[in-house]
Chemist: 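One structure is given below, represented as structure tokens, and several questions about it will come after.
Below, chains carry the letters A, B, ... as their sequence lines are ordered, and counting in each starts from 1.
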Amino acid sequence: MPELPEVETTRQGIRPCCEGKAVRQLRVFEPRLRWPVPDDLPQRLEGATIHALKRRGKYLLLIVDEGAVLVHLGMSGSVRVVTESEPRRTHDHLELEMEDGALLRYHDPRRFGCWLWSDQWEQHPLIRHLGPEPLSPEFTGEYLYRLSRGRQVPVKSFLMDSKTVVGVGNIYANESLFKAGILPGRAAGRIGLDRYKRLVTHVRDTLSTAITQGGTTLRDFVNSSGQPGYFAQSLQVYGREGQPCRLCNRPLSQSRLGQRTTVFCRHCQR
DNA sequence: AGTTTAACCTGGGTGC
DNA sequence: TGCACCCAGGTTAAAC
């Protein structure tokens with residue numbers, strides 16, 4: 001589910017609830033996530049102050065003195081601020097209680113997410129090889145152009161590879177390529193500088209707008225207050241196969257690229 | 001080294 | 001109602 005806008009929406013929502021506060025208790029109800037939740041995670045956190053709640057790509061980072069917790073939402077994860085009286089639901093796997101009683105619940109039906117500890121999070125294997133943030137100055141058309149020379153992978157797969165740039169998942173890759181007028185299946189190495197500049201502009205614009213709208217809710221994404229995001233109504237191509245292209249009115253095509261559903265306009269994207 | 005595929009899970013929808 | 005099958009916002013690790 002969550003791509004960068006959904007993770008950022010979550011971060012902004014739970015930040016006031018935990019940043020600058022000490023942890024009273026971390027309760028793990030189901031440790032079997034993508035990787036097992038470390039046994040000693042609760043004791044590492046108890047009493048520790050969360051100095052900052054950061055984001056790197058799709059990872060949320062709870063920064064404490066001795067290190068950081070790496071939280072990933074996987075395909076179906078969400079974090080909500082709840083009250084003590086609210087009963088725990090199926091698939092509520094972890095609960096973080098702060099000193100002042102504030103309560104965060106991690107919900108993840110498919111359990112593709114993770115809660116991991118690192119004493120040097122920037123060097124962690126899951127973080128170390130990540131590409132630039134899409135909203136940072138390093139992410140430019142020149143960067144994509146240079147990195148893609150000689151590559152035969154479809155540009156959509158290239159864009160969704162976290163070593164290229166972080167945070168762009170299936171929804172926003174489809175949307176950005178449509179707006180940039182680039183065919184998703186075209187070899188990354190055969191796209192020129194000008195078109196990559198255009199792509200960067202649209203990736204930035206799409207992600208920023210989605211963050212403003214609180215992310216995209218297809219089925220189950222909810223923000224920290226349990227509310228859905230509203231970017232779904234702005235989607236140009238994702239989930240619209242066969243429906244008219246918003247530019248030329250011809251029916252949108254669908255294919256599969258890197259086992260991901262890909263929607264595009266044969267006429268407007270080249 | 002680059003690229004593709006299988007795997008990790010649950011749940012919702014569809015068609016028989 | 002039940003069952004088999006396909007699909008889903010991600011990402012790693014193994015296989016080609």
Side-chain angles (χ1 to χ4, degrees), chain A residues 1-11 29-37 55-60 70-79 89-93 106-116 124-131 134 147-177 184-190 203 206-207 210-211 213-223 228-242 254-263:
Chain A
M1 148 208 87
E3 303 183 38
L4 189 146
E6 292 74 36
V7 177
E8 180 60 22
T9 295
T10 300
R11 186 180 79 93
F29 306 109
E30 175 54 87
R32 296 176 303 166
L33 303 185
R34 171 87 198 256
W35 297 281
V37 179
R55 180 188 58 73
R56 176 74 175 97
K58 296 173 191 169
Y59 289 91
L60 287 170
L70 280 58
V71 177
H72 199 289
L73 303 179
M75 286 279 262
S76 56
S78 57
V79 179
R89 300 169 301 165
T90 312
H91 307 305
D92 282 348
H93 303 315
Y106 175 78
H107 179 84
D108 186 6
R110 293 178 73 180
R111 291 191 271 122
F112 283 178
C114 68
W115 280 61
L116 296 172
H124 192 278
L126 294 170
I127 301 277
R128 196 177 8 177
H129 301 110
L130 293 179
L147 192 64
S148 61
R149 288 315 84 184
R151 300 285 301 275
Q152 281 298 123
V153 262
V155 62
K156 177 165 178 261
S157 307
F158 176 68
L159 185 63
M160 289 178 69
D161 185 342
S162 63
K163 291 191 290 303
T164 303
V165 61
V166 295
V168 185
N170 199 31
I171 295 178
Y172 300 111
N174 278 303
E175 296 299 303
S176 303
L177 287 164
R186 189 169 295 287
R190 297 185 54 207
V203 167
T206 305
L207 294 176
I211 291 170
Q213 311 263 342
T216 300
T217 297
L218 298 177
R219 250 172 305 283
D220 49 11
F221 174 73
V222 288
N223 66 17
Y230 295 101
F231 191 71
Q233 61 199 49
S234 307
L235 295 175
Q236 303 294 301
V237 289
Y238 185 89
R240 296 193 63 242
E241 187 227 358
Q254 182 163 304
S255 70
R256 249 177 126 71
L257 239 37
Q259 8 280 107
R260 310 306 294 273
T261 297
T262 302
V263 189

Chemist: What is the distance, to the nearest angstrom, from the CG atom on A:Asp161 to the C1' atom on B:dG2?
Modeler: 11 Å
Chemist: In this structure, are over 12 heavy atoms from other groups packed under 6.0 Å from A:Arg89 atom CZ?
Modeler: yes
Chemist: Check the orientation of A:Tyr106 and A:His93. Use parallel for under 30°, tilted for 30 to 60°, and perpendicular for over 60°.
Modeler: tilted
Chemist: Taking the P atom of each, how far is B:dC9 from C:dA14, in whole Å?
Modeler: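 That atom pair is separated by 16 Å.
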Chemist: For the pair made of CH2 in A:Trp35 and P in C:dG10, what is the distance, rounded to whole Å?
Modeler: 14 Å
Chemist: Could you work out the separation of B:dA1 and C:dT11 based on their P atoms and round it to a whole Å?
Modeler: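 Per the computed distance, 24 Å lies between those P atoms.
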Chemist: Contact class for A:Arg34 (heavy atom, under 4.0 Å): base, sugar-phosphate, or nothing?
Modeler: base
Chemist: Expressed as a whole number of angstroms, how long is the span from A:Arg111:CZ to C:dA8:C1'?
Modeler: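 Nearest whole value for this atom pair: 17 Å.
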Chemist: Rounding to a whole Å, what distance do you find between A:Leu218:CG and B:dG11:P?
Modeler: 18 Å
Chemist: Applying a 4.0 Å non-hydrogen cut-off, can you work out what A:Arg32 is touching in the nucleic acid: base, sugar-phosphate, or nothing?
Modeler: nothing
Chemist: Check whether the aromatic ring of A:Phe112 stacks on the base of B:dC9, taking stacking as ring centres less than 5.5 Å apart and planes within 30° of each other.
Modeler: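 Stack criterion not met.
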Chemist: Counting the atoms with a prime plus P, OP1 and OP2 as sugar-phosphate, which does A:Gln259 contact under 4.0 Å by heavy atoms, base, sugar-phosphate, or nothing?
Modeler: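 Base contact.
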Chemist: Can a donor-acceptor pair be found between the side chains of A:Arg256 and A:Thr261 at a distance below 3.5 Å?
Modeler: yes
Chemist: Nearest of B:dG2, C:dG10, C:dT12 to any side-chain atom of A:Ser162?
Modeler: C:dT12
Chemist: Under 4.0 Å, heavy atoms only, any strand: does A:Thr217 hit a base, just the sugar-phosphate, or nothing?
Modeler: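 Result for A:Thr217 = base.
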Chemist: Whether the side chain of A:Gln152 engages the backbone of A:Gly189 through a donor-acceptor N/O pair (distance < 3.5 Å, no angle test) should be reported.
Modeler: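 Not at all, since once roles are kept as given, no pair shorter than 3.5 Å links the two residues.
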Chemist: Could you tell me the separation between the CD1 atom of A:Ile171 and the C1' atom of C:dG9, rounded to a whole number of Å?
Modeler: 5 Å
Chemist: In whole angstrom, give the distance that lies between atom CG of A:Leu33 and atom C1' of B:dT10.
Modeler: 13 Å
Chemist: Check the phosphate of B:dC9 against A:His91, side-chain N and O only, distance under 4.0 Å to OP1 or OP2. Yes or no?
Modeler: no
Chemist: Does the base of B:dC9 carry an N or O that pairs as donor and acceptor with the side chain of A:Arg110 under 3.5 Å?
Modeler: yes
Chemist: Please give the nucleotide sitting opposite B:dT4 as a Watson-Crick or G-U wobble pair, both distances under 3.5 Å, or none.
Modeler: C:dA14
Chemist: Need one value for A:Tyr238: base, sugar-phosphate or nothing, where a base atom within 4.0 Å counts as base even if backbone is also close, heavy atoms only.
Modeler: sugar-phosphate
Chemist: Sort out the partner of C:dC6 for me: Watson-Crick or G-U wobble, both distances under 3.5 Å, none otherwise.
Modeler: B:dG12
Chemist: With respect to the phosphate group of C:dA8, does any side-chain polar atom (N or O) of A:Arg256 fall under 4.0 Å of OP1 or OP2?
Modeler: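 It does, given that an N or O in the side chain of A:Arg256 lies less than 4.0 Å from OP1 or OP2 of C:dA8.
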Chemist: Would A:Asp161 and A:Val153 count as a side chain to side chain contact (heavy atoms under 4.5 Å, CB included) here? Give the steps.
Modeler: CA-CA 10 Å; A:Asp161 185 342; A:Val153 262; over 6 Å; no
Chemist: Could you please name the option among B:dT4, C:dG10, C:dC7 that lies closest to any side-chain atom of A:Asn170?
Modeler: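 Nearest to the side-chain atoms of A:Asn170, counting from C-beta on, is C:dG10.
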Chemist: Is the distance between the ring centroids of A:Tyr172 and A:Phe231 under 6.0 Å?
Modeler: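 Yes, the ring centres sit under 6.0 Å apart.
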Chemist: A:Arg260 CZ to C:dG9 P: how many Å, rounded?
Modeler: 5 Å
Chemist: In whole Å, what separates the P atom of B:dT3 from that of C:dG9?
Modeler: 22 Å
Chemist: Between C:dT12 atom C1' and A:Leu126 atom CG, what is the distance in whole Å?
Modeler: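 So the two atoms are 9 Å apart, to the nearest Å.
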